[in-house]
Amino acid sequence: MQSVQDCFSKVKSICYKYISSQETKNQKFKNKDQMIRSFLIPVCFWISKKTSNKKPLILGLAGGQWAGKTTIASTISIILKKYFKLIVFKISIDDF
């Protein structure tokens with residue numbers, strides 16, 4: 001059975017690397033371990049249970065400017081690709 005700890009051990013280095021790339025000198029993400037273990041990985045387990053080979057699953061994130069939507073979406077994408085081996089297509093309003 002897949003576990004949060006197993007997932008965390010496989011994705012933590014790449015997630016930390018990405019999250020660190022999004023930080024600024026004055027704006028650092030706090031509690032990265034807790035955010036990944038308690039929120040992002042459980043969300044990814046939920047997403048993986050909802051996926052189907054027949055239909056795409058579309059998820060949306062909303063929030064104000066600088067709320068971390070891109071960071072959260074990209075980190076979820078990393079976890080889904082690396083641990084769950086899912087095909088992920090991420091699009092941002094910034095891409096338009």
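Note on residues 36-52: no pairs pass salt bridge (Lys or Arg N to Asp or Glu O under 4.0 Å), not counting sequence neighbours.
Ser20 places no side-chain N or O within donor-acceptor distance of the main-chain N or O of Lys17, the cut-off being under 3.5 Å. Looking at Ser38, its side chain never comes within 3.5 Å of a backbone N or O of Met35 through a donor-acceptor pair. Listed for the Lys10 side chain is no donor-acceptor partner under 3.5 Å among the backbone atoms of Gln5. With hydrogens and angles disregarded, no donor-acceptor distance shorter than 3.5 Å links the side chain of Ser77 to the backbone of Ala73. Not one N or O on the side chain of Lys81 forms a donor-acceptor pair closer than 3.5 Å with the backbone of Leu86. Panel note: side chain Ser74, backbone Thr71; no donor-acceptor pair is recorded below 3.5 Å.
In this structure, SG on Cys15 lies 4.0 Å from CD1 on Ile79, to the nearest 0.5 angstrom. The line from CG of Leu61 to NZ of Lys90 is 10.0 Å long, rounded to the nearest 0.5 Å.
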Verdict with supporting geometry, Ile19 and Ile36, side-chain contact (heavy atoms from CB on, under 4.5 Å): CA-CA 10 Å; Ile19 292 169; Ile36 295 168; 4.1 Å; yes
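Annotation: side chain of Asp6 is in contact with side chain of Tyr83 (closest heavy-atom distance under 4.5 Å). Inter-residue side-chain proximity for Phe89 and Ile91 is flagged as met; some heavy-atom pair is nearer than 4.5 Å. By the 4.5 Å heavy-atom criterion applied to side chains, Phe39 and Gln34 are not counted as neighbours. Using a 4.5 Å heavy-atom threshold, the side chains of Ile76 and Val88 count as separate.
Taking 4.0 Å as the cut-off between side-chain N and carboxylate O, Glu23 and Lys32 count as a salt-bridged pair.
Trp46 and Phe8 fall within a single hydrophobic cluster, where Ile, Leu, Val, Met, Phe, Trp and Tyr side chains are chained together by heavy-atom contacts under 4.5 Å.
The two residues Phe84 and Cys44 have their closest heavy-atom pair at CE1-CB, 3.6 Å.
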